[in-house]
Amino acid sequence: MMDGNHDINRDTDGRQAWLDEQYNAHMRKKRRTRHAVWSVQFAILFIATALWEIAGQLKWIDVLIFSYPSKIGGQIVKDVVSGELWPHLFMTVGEVAVGFIFGTLLGTILAVMIWWSPFLCKVLDPYMVVFNSMPKVALGPIFIVLFGAGFTAIVITTLSITVIVTTLVVYNSFNEVDVNLVKVVRSFGATRKQEFRKVILPASFPTIVSTLKVNVGMAWVGVIVGEFLVAKIGLGYLIVYGFQVFNFTLVMASLVIIAIVATGMYQLVVYVEKKLVRQS
């Protein structure tokens, strides 16, 4: 009997060791793939930047319009050292943060409301479709008249983009939850509140968190559009000002800064998403 138990334990240990080996092999392959992707991404960026620099130095391109990396880098360093960049950067990042946070919250709350009330959903559906299809640049002047030329108008312009996108994505995720799960909780007499709390929300949580990544881009679009229309400070203002004075190096430098900061915010959201999804 003891020999039988010993054999069983040995077989169990052997299977566990095999599973651990397979898991470690899978993780090593995953890390190699990730490193290969990073290497290719860096190579593409490096080659593109080098070709751009060479084309600018050799005057293969019109440097007045396209500039080139070393000149753009010099412009950024000059603005950073002089302190001219920081007020514009802080203003734009602040507007993006407010639009991003409130857009996500308001959009999610609105999605819950229209899921909770089918009547409200039918009433609001055509309005949301029409509003989402409207170019937000056309609404900018209206927001300026209503809220004044400043921070509030820019944030409202951002919300006009992020709220509707969030609402549509989250509401669709609510409707795509497995109907069998809903039937199970209903068969046990669950109320609509319990149905939402126990099934709909947990099943949609990954989609809600993923919406954060979409809203990062949408928030930047809304803020830059708003700054194009009304701002006297911000990265969008620097782009407009650069065009006005034909300083296209300043324009390109502003675009590079936007790309760097937006990428940083996106990666931060990806990190938060992984943490939240893992905990859920």
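Side chains are part of it too, since the values below use all heavy atoms of this structure and drop only hydrogens, waters and symmetry mates.
When every heavy atom of A259 is checked against every heavy atom of T263, the shortest pair comes out as O-OG1, 2.6 Å. Taking each heavy atom of L235 and T92 in turn, the nearest pair found is N-OG1, 2.8 Å. Residues N215 and T162 come closest through the heavy atom pair OD1-O, 3.9 Å. Taking all atoms of both residues into account, the shortest heavy-atom contact from F196 to F174 is CE1-CZ, 3.8 Å. Between L212 and F100, the closest heavy-atom pair is O-CE1, 3.2 Å. Minimum interatomic distance between C121 and Y171 (heavy atoms only, all atoms of both residues): SG-OH, 3.0 Å.
Between L229 and F143 there is no side-chain heavy-atom pair separated by less than 4.5 Å. The shortest distance between side-chain heavy atoms of W86 and V80 falls below 4.5 Å. The shortest side-chain heavy-atom distance between I61 and W52 falls under the 4.5 Å cut-off. The shortest side-chain heavy-atom distance between T166 and L110 does not fall under the 4.5 Å cut-off. M265 places none of its side-chain heavy atoms less than 4.5 Å from the side chain of V269. Counting heavy atoms from C-beta on, the side chains of L168 and I164 come closer than 4.5 Å.
Aromatic ring pairs are classed by plane angle as parallel below 30°, tilted from 30° to 60° and perpendicular above 60°; the pair H35 and W38 is tilted.
Interatomic distance, S117 OG to K122 NZ, rounded to the nearest 0.5 Å: 10.0 Å. If you take NZ on K232 and CE on M91, they are separated by 12.5 Å, rounding to the nearest 0.5 Å. D125 CG to L120 CG: the interatomic distance, rounded to the nearest 0.5 Å, is 10.5 Å. Taking OG1 from T152 and CD1 from I144, the interatomic distance works out to 12.0 Å, rounded to the nearest 0.5 Å. Interatomic distance, CG of L201 versus NZ of K198, reported as 11.5 Å (0.5 Å rounding). Between atom CZ of residue F147 and atom CD1 of residue I156 there is a gap of 4.5 Å, rounded to the nearest 0.5 Å.
Residues V256 and F46 do not share a hydrophobic cluster, defined by chaining ILVMFWY side chains whose heavy atoms lie under 4.5 Å apart. Cluster membership for Y68 and F246, using ILVMFWY side-chain heavy atoms within less than 4.5 angstrom, is shared. Under the 4.5 Å side-chain contact rule for hydrophobic residues, V37 and I44 do not share a cluster. When hydrophobic clusters are built by joining Ile, Leu, Val, Met, Phe, Trp and Tyr residues whose side-chain heavy atoms come closer than 4.5 Å, directly or via intermediates, L255 is not grouped with L51. Residues I208 and I109 are members of one and the same hydrophobic cluster, defined by side-chain heavy-atom contacts under 4.5 angstrom among Ile, Leu, Val, Met, Phe, Trp and Tyr.
Although no hydrogens or angles enter the test, the distance criterion places a donor-acceptor pair under 3.5 Å between the side chain of S82 and the main chain of D79. Between the side chain of E195 and the backbone N or O of V185, no donor-acceptor pair lies under 3.5 Å. Between the side chain of S204 and the backbone N or O of T207, no donor-acceptor pair lies under 3.5 Å. For T167 (side chain) and V163 (main-chain N/O), a donor-acceptor pair under 3.5 Å exists by modelled atom type.
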* **Stepwise side-chain contact (heavy atoms from CB on, under 4.5 Å) check, T249 with M252** => CA-CA 5 Å; T249 299; M252 297 301 295; 5.8 Å; no
* Should V170 and W115 be marked as a side-chain contact (heavy atoms from CB on, under 4.5 Å) after you check the CA-CA gap, both sets of side-chain angles, and the distance that decides it? -> CA-CA 10 Å; V170 175; W115 175 87; over 6 Å; no
* Asked: What's the verdict on ring-ring contact (aromatic ring centres under 6.0 Å, His included) for F248 and F243, showing C-alpha distance, side-chain angles and the deciding distance?
  -> CA-CA 6 Å; F248 293 101; F243 275 114; 5.4 Å; yes
* To do: Determine, stepwise, if the pair L89 / I257 fulfils side-chain contact (heavy atoms from CB on, under 4.5 Å).
  => CA-CA 9 Å; L89 179 61; I257 293 170; 4.0 Å; yes
* Are S254 and Y237 close enough, and set up right, to give a side-chain contact (heavy atoms from CB on, under 4.5 Å), and what steps lead you there? -> CA-CA 9 Å; S254 301; Y237 165 77; over 6 Å; no
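Side-chain N/O atoms of E95 and T158 include no donor and acceptor closer than 3.5 Å.
The neighbour count for Y241 OH, taken as heavy atoms of other residues, nucleotides or ligands under 6.0 Å away, does not exceed 12. F102 CZ: 12 or fewer foreign heavy atoms inside a 6.0 Å radius.
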